[in-house]
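So that the names make sense, note that chain A is the first sequence line, chain B the second, and so on, each numbered from 1. All values below come from the heavy atoms of this structure, side chains included, with hydrogens, waters and symmetry mates left out.
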Amino acid sequence: GNSVTQMEGPVTLSEEAFLTINCTYTATGYPSLFWYVQYPGEGLQLLLKATKADDKGSNKGFEATYRKETTSFHLEKGSVQVSDSAVYFCALSSGGSYIPTFGRGTSLIVHP
Amino acid sequence: GAVVSQHPSRVICKSGTSVKIECRSLDFQATTMFWYRQFPKQSLMLMATSNEGSKATYEQGVEKDKFLINHASLTLSTLTVTSAHPEDSSFYICSALDRTLSYNEQFFGPGTRLTVL
């Protein structure tokens with residue numbers, strides 16, 4: 001079956017530091033990959049997505065590249081801000097299923 | 001992107017009462033909506049899939065008589081927590097599927113915080 005593995009948090013960084021949150025997956029077929037962000041007390045927002053191998057999703061300074069050879073979709077940002085503090089979920093959907101499989105989420109805390 | 005709303009955003013109720021949560025797709029028709037539950041510091045747990053005009057499909061371990069789902073129109077699904085108890089306190093999130101897109105993507109509502117006293 002499908003599964004998503006994310007690095008455990010919390011990840012604590014100083015403002016302007018470089019961010020990497022690792023995500024690897026197992027899936028049947030050719031999945032679409034997503035990163036969602038959840039700010040405190042809110043629902044999930046789609047941050048970025050990639051629908052085929054070697055695609056790079058990007059938004060708000062965040063990037064992730066769909067690496068089929070390593071089954072990874074690591075999230076990166078060159079310079080984080082305090083406002084980036086949130087929980088980040090990696091997810092995939094594949095085949096005929098519209099239901100995404102979520103990772104457990106990684107909490108990011110950015111200090112001034 | 002598509003917008004999904006939930007109402008109410010926060011509700012506090014007494015034990016034994018029923019609570020209805022609405023999920024609306026605002027700018028697209030959603031034949032399929034999903035209901036999730038999220039416990040503190042945990043990932044989302046899919047509760048059920050709501051299909052317009054038919055019965056919802058519940059995940060294993062979710063009581064269908066406890067969590068009533070109605071998807072009466074292409075833009076509205078409701079989740080009713082019947083005879084709520086403190087253990088039902090949680091963050092409930094809905095999502096809607098836009099089937100006009102070429103890839104599988106759900107659009108999430110902002111969530112409803114339920115507190116049962």
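Proximity of a side-chain donor or acceptor of B:S43 to a complementary backbone N or O of A:G103 within less than 3.5 Å is detected.
Judged as a side-chain contact (heavy atoms from CB on, under 4.5 Å), and not counting sequence neighbours, the contacts of B:T75 are B:S25, B:S73.
For the atom pair CD of B:Q38 and CZ of A:F89, the computed distance is 5.0 Å after rounding to the nearest 0.5 Å. Separation of atoms OG1 (A:T101) and CG (B:L46) is listed at 10.0 Å; rounding is to 0.5 Å.
If you measure heavy-atom distances from B:S9 to chain A, you find no contacts under 4.5 Å at all.
Shown here for B:F108 and A:L44, the closest heavy-atom pair between the two residues is CB-O, 3.4 Å. Of all heavy-atom pairs between A:P100 and B:Y36, the closest is CD-OH, 3.6 Å.
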Test side chain to side chain contact (heavy atoms under 4.5 Å, CB included) on A:Q38 and B:I93 and set out the steps. CA-CA 11 Å; A:Q38 184 178 33; B:I93 302 175; 4.0 Å; yes

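A:V4 and A:Y66 fall within a single hydrophobic cluster, where Ile, Leu, Val, Met, Phe, Trp and Tyr side chains are chained together by heavy-atom contacts under 4.5 Å. The hydrophobic clustering, which links ILVMFWY residues whose side-chain heavy atoms are closer than 4.5 Å, places A:V87 and A:V37 apart. Under the 4.5 Å side-chain heavy-atom criterion for ILVMFWY residues, no single connected hydrophobic cluster contains both B:V4 and B:L76. By the rule that hydrophobic residues join a cluster once side-chain heavy atoms approach within less than 4.5 Å of another member, A:Y39 and A:W35 end up as members of one cluster.
Remark: A:E8 CD is loosely packed, at most 12 non-hydrogen atoms of other residues, nucleotides or ligands lying under 6.0 Å away.
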